[in-house]
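Below: the structure, in structure tokens.
If you're wondering where the values come from, they're calculated on a predicted model, not measured in any experiment.
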Amino acid sequence: MAFCLSRSFSSYSQLHPSSLLSRCKPNFTSPNYPHKLSKSTNLPLVHHQNQICSSSYSMDAPPEGYRRNVGICLINSSKKIFAASRLDVPDSWQMPQGGIDENEDPKVAALRELKEETGVSSAEVLAEVPYWLTYDFPPEVREKLKHQWGGDWKGQAQKWFLLKFTGKEEEINLLGDKSEKPEFGEWKWTSPEQILERAVDFKKPVYKEVFMVFTPHLQ
């Protein structure tokens with residue numbers, strides 16, 4: 001199934017299934033398994049008034065032409081969500097995410113990426129979105145990443161996991177495990193609505209779907 005929305009994503013006052021994106025049928029093709037690429041980007045903050053589409057795939061593999069990726073929705077004991085500000089996109093906040101290595105299990109990748117980006121290793125997996133979610137890069141972002149990554153990807157196909165933080169906040173370190181260049185400048189525990197307001201536009205449909213799936217754990 002695919003979700004398409006023709007409107008500006010300037011704000012979201014609430015999350016409710018009735019406000020989900022309208023559905024349209026995707027074209028599914030064979031899976032593609034790219035090597036892990038550099039996560040550091042210099043993406044512009046894009047505000048689109050035209051159509052933005054996000055597709056979800058219930059198959060075991062993502063569509064061809066999309067970089068395989070994991071997303072991590074990390075919550076604390078108060079059911080607030082971890083979000084961090086990107087160093088390369090002013091005033092843009094997001095949840096941790098990162099590329100899946102070739103032949104790597106997505107759940108293993110999620111735990112690895114969380115530690116690499118936030119220093120957090122004290123976390124347990126509570127749930128996962130049982131299908132792949134994809135978003136397309138805006139043309140200018142795709143062109144920039146094409147030169148930076150050395151590969152032309154339509155966007156990213158993500159497997160999302162809900163994790164509960166079980167450690168102490170002193171464990172959180174945006175320098176990560178120092179195996180990768182830092183991506184974030186600040187972090188906070190926040191709500192789904194606040195994350196949607198501060199995320200880049202092309203990720204918002206995926207975020208909204210993730211929050212809908214994880215709603216029972218966020219209430």
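If you chain together hydrophobic residues whose side chains sit under 4.5 Å apart, Trp189 and Phe161 fall into the same group. Under the 4.5 Å side-chain heavy-atom criterion for grouping Ile, Leu, Val, Met, Phe, Trp and Tyr, Leu87 is not connected to Val200 through any hydrophobic cluster. Note on Tyr131: it clusters hydrophobically with Met95, by side-chain heavy-atom contacts below 4.5 Å among ILVMFWY residues. Under the 4.5 Å side-chain heavy-atom criterion for Ile, Leu, Val, Met, Phe, Trp and Tyr, Trp187 and Leu175 are members of distinct hydrophobic clusters. Both Leu174 and Leu111 are assigned to one and the same hydrophobic cluster, defined by single-linkage of ILVMFWY side chains at heavy-atom distances under 4.5 Å.
At least one side-chain heavy atom of Lys107 sits under 4.5 Å from a side-chain heavy atom of Val125. Side-chain contact between Ser191 and Ile81 is absent, with no heavy-atom pair separated by less than 4.5 Å. A heavy-atom distance below 4.5 Å is not found between the side chains of Lys144 and Glu140. At least one side-chain heavy atom of Thr118 sits less than 4.5 Å from a side-chain heavy atom of Phe82. Put simply, the side chain of Ser85 does not reach to within 4.5 Å of the side chain of Asp91, judged on heavy atoms. Using a 4.5 Å heavy-atom cutoff, the side chains of Cys73 and Leu163 are not in contact.
The shortest heavy-atom contact between Pro96 and Phe184 is CA-CZ, 4.5 Å. Nearest heavy atoms, Phe202 versus Pro205: O-CD, 4.0 Å.
Between Arg86 atom CZ and Ser92 atom OG the span is 7.0 Å, to the nearest 0.5 Å. Here CG of Asn69 is found 11.0 Å from CG of Leu133. Values are rounded to the nearest 0.5 Å. Atom NZ of Lys164 sits about 6.0 Å away from atom CD of Glu124, to the nearest 0.5 Å. Remark: Glu193 CD to Glu197 CD distance equals 8.0 Å, nearest 0.5 Å. Between Lys154 atom NZ and Asp136 atom CG the span is 8.0 Å, to the nearest 0.5 Å. For the atom pair OG of Ser179 and CD of Glu117, the computed distance is 9.5 Å after rounding to the nearest 0.5 Å.
Each ring-ring contact (aromatic ring centres under 6.0 Å, His included) pair with one or both residues in residues 84-115, not counting sequence neighbours, would appear here, but there are none.
Other residues, nucleotides and ligands contribute over 12 non-hydrogen atoms within 6.0 Å of the NZ atom of Lys188.
Taking the ring-ring contact (aromatic ring centres under 6.0 Å, His included) definition, one finds that Tyr207 meets it with Trp160, sequence neighbours left out. Every salt bridge (charged side-chain N to carboxylate O under 4.0 Å, His left out) that Lys159 has, sequence neighbours left out, goes to Glu128.
For the side chain to side chain contact (heavy atoms under 4.5 Å, CB included) with Val70, the qualifying choice from Val108, Ile100, Asp105 is Ile100, the only one to do so. Of the options Leu114, Leu162, Ile172, a side chain to side chain contact (heavy atoms under 4.5 Å, CB included) to Leu74 is made by Leu114 and by none of the others.
Side chain of Arg68 to backbone of Gln156: no donor-acceptor contact under 3.5 angstrom is found. Thr166 places a side-chain N or O within donor-acceptor distance of the main-chain N or O of Ser122, the cut-off being under 3.5 Å. Lys80 places no side-chain N or O within donor-acceptor distance of the main-chain N or O of Thr190, the cut-off being under 3.5 Å. No donor-acceptor pair closer than 3.5 Å links the side chain of Asn173 to the backbone N or O of Gly119. Of the possible donor and acceptor atoms, one in the side chain of Thr215 sits under 3.5 Å from a partner among the backbone N and O of Met212.
In this structure, the ring of Phe137 has its center no less than 6.0 angstrom from the ring center of Trp153.
We find that Glu104 and Arg112 are joined by a salt bridge, their nearest charged nitrogen and carboxylate oxygen being less than 4.0 Å apart.
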**Study point:** CA sep, side-chain torsions, deciding dist, call: Glu143, His147, side chain to side chain contact (heavy atoms under 4.5 Å, CB included)
**Key:** CA-CA 7 Å; Glu143 186 64 24; His147 293 290; 2.9 Å; yes
Practice item. Under the side chain to side chain contact (heavy atoms under 4.5 Å, CB included) rule, what do Phe165 and Glu171 come out as? Steps first, then yes or no, please. Key: CA-CA 10 Å; Phe165 181 52; Glu171 182 178 333; 4.1 Å; yes
**Study point:** Gln219 vs Lys79, side chain to side chain donor-acceptor pair (under 3.5 Å): CA-CA, chis, key distance, verdict
**Key:** CA-CA 7 Å; Gln219 294 178 334; Lys79 299 184 179 181; over 6 Å; no
Point to revise | Test side chain to side chain contact (heavy atoms under 4.5 Å, CB included) applied to Asp201 and Lys204, step by step | key: CA-CA 5 Å; Asp201 288 345; Lys204 288 181 178 180; 3.5 Å; yes
Review point. Going through the checks in order, is the side chain to side chain contact (heavy atoms under 4.5 Å, CB included) test met by Gln97 and Glu113?
Key: CA-CA 7 Å; Gln97 66 176 57; Glu113 286 291 340; over 6 Å; no
